[in-house]
S.K.: 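Please find one structure pasted underneath; my questions will follow.
Counting from 1, the numbers follow the sequence of the chain as shown. Quantities reported herein were computed from a predicted structural model and do not represent experimental measurements.
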Amino acid sequence: MLSPNSSTKSANDSQQTASNSKALPVLPVRDTVLFPHAVLPLTVGRESSIQLIESLGDQRSIIVVAQRDPHQDSPQPDQLHEYGTLATVHKVVKMPNQSRFVFTEGTARVRLTRFTQTEPFLMAEADTILDTVAEAPASDNATEAKSAAAVEALQRIVISQFQQIVSASPTLSDELQTIAANIQEPGRAADFIASSLPFLTTADKQTLLQTPDVEVRFEKLNQLLAKEIEVQQLRNKIQTEVQDQVQQSQRDYYLREQLKAIQKELGEVDEGQRDIDELREKIEAAGMPEDVKKEALKELNRLSRMSPMASDSSLVRNYVEWLAALPWARSSGTKVDLGKAQEILADDHYGLKKVKDRILDYLSVLELKPDMKGPILCFVGPPGVGKTSLGRSIAKALGRKFQRISLGGMHDEAEIRGHRRTYVGALPGQIMQSIRRADTNDPVIMLDELDKLGRDFRGDPASALLETLDPEQNNTFRDNYLDVPFDLSKVLFICTANMLDPIPEPLLDRMEIIALQGYTEEEKVRIAYKYLIPRQIAANGVPAELIEFPEEAVRYIVRHYTREAGVRKLEQVLGTVCRKATRRYVEGNKDKLVIDKELLQEFLGGVQVRVDMEVFERTQRPGVAVGLAWTPAGGDVLFIEANRMKGKGGFTMTGQIGGVMQESMQAALTWVRSNAASLGLEEDFNSSVDLHIHVPAGAIPKDGPSAGVTMVTTLASLMTNTPVRPFTAMTGEVTLSGNVLPVGGIKEKFLAARRAGVKHVILPADNRQNVEEDLLPSQTEGVTIHYASRIEEVLAVALPLLFAKPIGIAAEGQSKLAFGQVA
């Protein structure tokens with residue numbers, strides 16, 4: 001690096017220099033290299049550079065040096081290149097923006113040796129660098145002659161390359177070729193060529209500037225010019241290929257037009273016309289209604305008049321092909337066989353008697369009235385109970401094609417009704433796509449996860465389904481893309497959902513709701529043996545004769561490793577056991593594997609579900625009762641806990657409970673306070689205590705009135721210090737007067753209680769009919785059901801040791817059931 005008041009020894013002792021003792025102004029420039037004998041206009045805008053130009057008197061010589069970093073506004077000596085060019089300033093023009101336009105001409109290479117001034121502008125001493133040729137010993141004339149010949153050869157090669165580049169470049173003047181050829185001095189010719197090439201980078205030009213050896217300079221130029229010639233050749237090749245393609249397209253167009261004219265003269269039909277004729281035949285054979293056929297032929301005639309190169313040609317063609325491909329008059333044509341259908345449903349699904357009866361009713365009507373409109377069924381139930389697979393079985397029983405459309409997460413209304421043809425990439429909606437895939441106009445279409453539909457700025461798919469699922473309207477269903485009516489009345493639509501709350505009421509009104517409740521333990525065992533175990537054995541490759549699932553093992557899995565209304569988790573666990581057995585077989589253990597409790601704990605880990613013991617253990621202390629709740633995944637048990645502490649009559653309710661459940665807690669406390677004497681309590685028992693009632697699993701939102709009787713039981717148990725009867729669960733809404741009102745979800749709640757090991761279930765008396773209709777005798781076996789119309793009857797079952805005589809209004813003869821008596 002150079003610095004003020006310092007000198008630098010030449011890095012190349014062999015280069016020829018001429019010392020200049022006089023210091024000259026140094027003009028730093030950005031991204032610019034001035035070569036000797038080249039004229040270069042420079043724009044000077046920096047304050048220090050303007051002062052430098054203004055300070056020039058009769059002495060018009062300056063040193064032009066390139067900056068190392070072009071972004072530096074005030075370069076210091078160590079931020080400039082060591083080599084620059086001695087230049088003469090011929091003219092200075094003052095610009096309107098106060099900058100200067102300076103015309104300079106390079107005169108010689110220089111190497112900066114010592115800076116003498118840095119403010120207000122740079123000044124430095126420099127040595128003039130003369131052009132050199134590789135030196136040879138004084139006595140070796142042959143070597144000197146050889147070196148001169150090499151320089152001349154390189155000069156010719158470089159000039160030839162330069163002329164080739166200039167002739168191929170549209171921006172370089174052809175006069176440059178003549179000027180370069182007329183320069184006799186090798187060094188000057190090299191500098192002229194380097195200064196005339198716009199594609200050279202600043203780094204390349206600076207390297208050439210600080211190369212005094214002419215032969216080396218020509219070699220570097222040779223490399224740079226050869227690279228540029230290669231780039232030009234590639235560019236010309238690409239341009240030629242593109243131009244050839246354009247010319248080929250034009251040529252093809254003219255030839256195609258000539259071919260049409262020739263074929264017309266010969267009476268032949270071209271390929272395009274042949275496609276038009278094939279589409280016309282398809283339209284005639286499709287059995288379209290007259291108005292649809294008229295629209296299809298109109299678009300087909302429009303297509304025939306279009307050039308294949310037209311932008312709308314493919315759009316019109318796709319539209320006509322869609323119309324021709326739809327099954328306007330093509331049905332499955334299968335005759336209904338009620339016996340076969342009953343056999344298929346029995347083989348594919350265990351239980352589900354109500355659902356099967358409804359399907360067989362529909363098939364019976366269809367056998368007598370084939371032109372009946374398809375019903376809109378909606379299967380509602382928890383995950384894993386077989387809603388989707390039941391749809392496949394229905395299609396199989398009917399002998400129809402089956403198509404499934406997943407509605408989960410669908411936000412765009414166009415997914416149902418299609419996009420209009422004005423949009424790029426437009427297609428019909430999922431309904432019409434399913435009809436085309438089925439290739440019949442009466443398939444079974446399952447709309448899966450109806451309750452998971454979305455809604456945003458793109459539209460409301462649920463509203464788009466209103467026409468689709470209305471038997472009175474869907475016989476003229478219009479897809480946005482097709483824009484012609486299509487009869488969907490023969491289609492059997494089956495919807496599935498986990499819960500009905502998110503489904504809009506107008507859409508719900510169009511469907512026939514069929515509820516699929518969960519399975520009992522016995523049903524799960526039968527399903528596992530009939531369907532799940534054979535399927536998992538086959539799926540995991542284990543030989544069927546080398547694995548055995550005893551009934552005790554399957555029951556153990558159902559009780560302790562699954563807690564669900566359906567059987568999806570059960571199948572996953574069975575699959576895990578089969579994979580473990582497969583691994584043993586692959587590792588060399590060929591013995592038959594009989595699954596038992598110890599193997600299950602080895603394969604699956606410790607017991608994951610112990611609800612039966614949990615119910616017993618948690619209800620041993622007073623103030624804890626077990627309620628029953630309905631969830632989208634089926635029923636579940638609900639623990640309600642209460643505690644008391646010294647206070648002033650406060651009442652706290654926690655557990656992420658909704659407003660309705662909070663009101664039930666207040667009603668329960670009011671009833672206990674109003675009947676304190678009958679429970680053996682002081683009337684102001686809560687004046688000196690604070691009560692806290694909590695519903696565990698606080699992260700899960702809970703709401704509804706059906707836990708009213710459970711809350712009364714919890715408070716009565718707490719205040720009388722009496723534990724609730726073991727293995728007892730209950731549900732029902734309670735009023736301030738003590739009446740027990742009916743609630744919903746009885747089957748789901750009862751099955752949840754059975755899965756939890758409950759032995760006594762207390763239900764509202766008005767729900768007796770639900771039990772008789774929805775539950776089979778095998779499902780209620782082993783569980784005692786108590787019906788209650790008054791809260792006193794509930795307490796008589798839940799707290800049998802509390803009293804042995806009627807309490808409250810029961811003491812006045814208005815209730816026939818006393819405490820200690822079991823219904």
S.K.: Ser331 and Asp442: side-chain hydrogen bond (donor to acceptor under 3.5 Å, both in side chains), yes or no, with the steps?
M.R.: CA-CA 6 Å; Ser331 61; Asp442 59 349; 4.5 Å; no
S.K.: List for me each residue that meets salt bridge (Lys or Arg N to Asp or Glu O under 4.0 Å) alongside Arg754, sequence neighbours excluded, and say none if there are none.
M.R.: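 Arg754: no salt bridge (Lys or Arg N to Asp or Glu O under 4.0 Å) contacts found.
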S.K.: In plain terms, say whether Asp483 and Arg478 are close enough for a salt bridge, that is, a side-chain N and a carboxylate O under 4.0 Å apart.
M.R.: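 Salt bridge: yes.
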S.K.: Between Asp348 and Ser393, does any side-chain donor sit less than 3.5 Å from a side-chain acceptor?
M.R.: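 Side chains of Asp348 and Ser393: pair found under 3.5 Å.
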S.K.: Which one of Arg436, Gln430, Arg437 satisfies the side-chain hydrogen bond (donor to acceptor under 3.5 Å, both in side chains) criterion with Gln403?
M.R.: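 Filter result, single survivor: Arg437.
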S.K.: Donor-acceptor pair, Glu367 side chain versus Ser364 backbone, under 3.5 Å?
M.R.: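 Not a single qualifying donor-acceptor pair exists.
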S.K.: Not counting sequence neighbours, which residues clear side chain to side chain contact (heavy atoms under 4.5 Å, CB included) with Thr735? List them please.
M.R.: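 Side chain to side chain contact (heavy atoms under 4.5 Å, CB included) check on Thr735 returns Ser737, Asn739, Leu741.
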S.K.: Without swapping roles, check the side chain of Arg400 against the backbone of Ser332 for a donor-acceptor pair under 3.5 Å.
M.R.: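 Flag not set: sc Arg400 to bb Ser332 has no pair under 3.5 Å.
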S.K.: Any Lys/Arg nitrogen of Arg555 or Glu551 sitting under 4.0 Å from an Asp/Glu carboxylate oxygen of the other?
M.R.: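 Salt bridge between Arg555 and Glu551, a charged N being under 4.0 Å from a carboxylate O: yes.
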S.K.: Look at the side chain of Asn540 and the backbone N and O of Val542, then say whether any donor-acceptor pair between them is shorter than 3.5 Å.
M.R.: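 Between the backbone of Val542 and the side chain of Asn540 there is no qualifying donor-acceptor contact (under 3.5 Å).
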S.K.: Using modelled atom types only, decide if a donor and an acceptor are shared between the side chain of Asp703 and the backbone of Met661 within a distance under 3.5 Å.
M.R.: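 Between the backbone of Met661 and the side chain of Asp703 there is a qualifying donor-acceptor contact (under 3.5 Å).
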S.K.: Using modelled atom types and a 3.5 Å cut-off, is there a donor and acceptor pairing between side-chain atoms of Asp774 and backbone atoms of Lys747?
M.R.: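 No.
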S.K.: Quick one: side chain to side chain donor-acceptor pair (under 3.5 Å) partners of Gln656, sequence neighbours excluded?
M.R.: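 None.
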S.K.: Do Arg526 and Tyr350 form a cation-pi contact, if we require the NZ or CZ to be under 6.0 Å from the six-membered ring centre and within 45 degrees of the ring's axis?
M.R.: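 Ring-cation test returns no.
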S.K.: Centre of Tyr319's six-membered ring, under 6.0 Å away, within 45 degrees of the axis: is that where NZ or CZ of Arg421 sits?
M.R.: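 That pair qualifies as a cation-pi contact.
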